Protein chains: 2
Amino acid sequence: MKKSIKKKMTDKFIETCKAFGLKITPQRITIYREVLNSFDHPSAEAIYRKIKEAHPNISFDTVNRTLLTFAEMGFLQIVEGSGDVRRFDPNAEPHHHLRCKQCGAIIDFYYKKYNQLDIPEEIKEKFSVNRIRVVLEGICHRCQDHTNRREAPFVSARVPLRGR
Amino acid sequence: MKKSIKKKMTDKFIETCKAFGLKITPQRITIYREVLNSFDHPSAEAIYRKIKEAHPNISFDTVNRTLLTFAEMGFLQIVEGSGDVRRFDPNAEPHHHLRCKQCGAIIDFYYKKYNQLDIPEEIKEKFSVNRIRVVLEGICHRCQDHTNRREAPFVSARVPLRGR
DNA sequence: TTACTAATTAGTTGTTATTCCTATTTAATA
DNA sequence: TATTAAATAGGAATAACAACTAATTAGTAA
């Protein structure tokens with residue numbers, strides 16, 4: 001008998017949680033299912049509201065904390081830059097950004113090739129583009145030196161992900 | 001006698017303010033100078049702290065409001081995504097984002113070319129990249145329909161930029 | 001210059017997003 | 001089944017911003 005896709009995904013989720021040393025709680029499974037069915041880049045608040053309908057006892061903190069944990073595990077990503085304080089960029093030259101996930105540094109870089117990227121026709125028709133930017137996310141030199149902590153999904157198992 | 005670069009920039013600033021129908025206040029000139037000298041994508045708070053040393057009476061609200069006005073005028077930009085609530089992205093496929101500056105919508109799109117961008121050698125040496133993403137900022141179809149408001153720097157002069 | 005007027009400001013108060021704290025509960029293991 | 005460390009709910013604290021209002025000031029036109 002074949003497993004449903006849903007079942008398979010949940011199995012993989014459970015397996016990965018175990019590899020990270022995380023307990024399988026009903027809350028985590030619920031949040032996992034809800035977020036995987038989202039196609040609109042929801043906020044923690046939005047996910048919390050949806051889940052609350054079926055599970056009125058769940059707390060916002062649990063939803064938010066769990067989502068951050070999932071991001072560290074690599075189950076989902078955080079939309080580039082969102083959640084940061086607003087930052088201003090006085091650089092008028094066409095340029096692109098390096099973002100360090102660890103320390104939050106944003107570093108300008110220049111690369112002509114990136115300034116000349118073509119935009120797909122379907123997008124031109126439906127969206128008026130007035131800025132095109134390439135964002136490279138990773139770990140900056142300084143942070144690489146300071147710690148050897150690897151990023152998900154290469155984090156070694158059994159290291160607490162988000163200690164308080 | 002040649003004008004200094006600083007003077008020239010301030011002249012251009014004053015000229016542009018006038019074109020937008022904005023008054024030239026000492027606060028605006030101070031904030032303009034401070035932000036133009038920043039190379040680290042400062043937050044409003046950071047700029048406020050720096051300015052406060054020399055102008056202890058300035059208020060945070062003025063700094064923040066002025067920076068937003070400058071962004072609308074096109075004197076500076078807001079770093080992609082910063083200032084938004086944190087948003088999660090469960091899409092594991094390599095993909096890119098369209099961001100509507102007006103309504104805040106984030107729309108996924110797929111374009112193979114963008115997945116194969118090469119990374120400059122200098123960056124590879126100093127930064128470990130684990131995500132590359134292209135962000136197209138502009139105005140989505142829906143918002144184009146709703147209003148004809150043009151974006152800076154094409155805003156017509158004498159239209160209040162950030163009315164209360 | 002001086003007087004006028006609307007824009008701008010400082011200071012304060014709200015609001016919202018997010019994190020922190022702690023007592024209680026629960027999943028995993030023996 | 002008992003143990004224990006992790007996870008949770010709920011509330012409090014914090015931080016980033018935005019909104020409000022009375023007082024001040026820049027721009028202008030006499």
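These numbers were taken from a predicted model, which means no experiment stands behind them. Per chain, numbering begins at 1; letters A, B, ... match sequence-line order.
As rounded to whole Å, 15 Å separates atom P of dT25(D) from atom CZ of Arg28(B). When rounded to the nearest whole Å, the span between CZ of Phe20(A) and P of dA5(D) equals 23 Å. Following rounding to the nearest Å, Arg86(A) (CZ) and dT16(C) (P) show an atom-to-atom distance of 16 Å. Remark: P of dA9(D) and CG of Asn64(A) are 13 Å apart, rounded to the nearest angstrom. Computed from coordinates, the Asn57(B) CG to dT24(D) C1' distance equals 12 Å when rounded to whole Å. Tyr48(B) has its OH atom 15 Å from the P atom of dA15(D), to the nearest Å. Whole-Å rounding puts the Phe60(A) CZ to dA9(D) P distance at 13 Å. Between Ile29(A) atom CD1 and dT26(C) atom P the separation is 15 Å, expressed in whole Å.
Contacts of Pro26(B) with the nucleic acid, taken as non-hydrogen atoms under 4.0 Å apart, involve only primed sugar atoms and P, OP1 or OP2. Among the atoms of the strands shown, none is found under 4.0 Å from any heavy atom of Glu45(A).
The side chain of Ile24(A) lies closest to dA28(C), out of dT8(D), dG10(D), dA28(C).
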For Asp108(B) and His41(A), what are the C-alpha separation, side-chain angles and deciding distance, and is it a side-chain hydrogen bond (donor to acceptor under 3.5 Å, both in side chains)? CA-CA 9 Å; Asp108(B) 289 355; His41(A) 313 88; 2.6 Å; yes
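Side chain Asp61(A) to base dC20(C): a donor-acceptor pair is found below 3.5 Å.
The shortest distance between the side-chain N/O atoms of Gln27(B) and the OP1/OP2 oxygens of dA26(D) is not below 4.0 Å. Close to dG10(D), at under 4.0 Å from its OP1 or OP2, lies no side-chain N or O of Ser59(A). Between Arg65(B) and dA18(D) there is no side-chain polar atom (N or O) within less than 4.0 angstrom of OP1 or OP2.
Tyr48(B) is listed as a side-chain neighbour of Ile58(B), based on a closest heavy-atom distance under 4.5 Å.
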Restricting both atoms to N or O, compile the protein contacts to nucleotides 4-6 of chain C shorter than 3.5 Å, with distance only.
| from | atom 1 | to | atom 2 | distance (Å) |
| --- | --- | --- | --- | --- |
| dA6(C) | N3 | Lys23(B) | NZ | 3.4 |

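Other residues, nucleotides and ligands contribute over 12 non-hydrogen atoms within 6.0 Å of the NZ atom of Lys52(A).
Sequence order on DNA chain C of the closest nucleotides to Val85(B) and Ile58(B) puts Ile58(B) first from the 5' end. Closest-nucleotide positions on DNA chain D for Ser82(B) and Thr25(B) were compared, and the one nearer the 5' end corresponds to Ser82(B).
Between the Ser43(B) side chain and the Val85(A) main chain, no donor and acceptor come within less than 3.5 Å of each other. Judged purely by atom type and a 3.5 angstrom limit, Arg86(A) has no side-chain atom pairing as donor or acceptor with the backbone of Ile78(B).
Residue Ile106(A) is found in a hydrophobic cluster whose other members, listed by chain and number, are Val79(B); membership requires side-chain heavy atoms under 4.5 Å apart, directly or through intermediates.
A distance of 6.0 Å or more separates the ring centres of Phe88(B) and Phe75(A).
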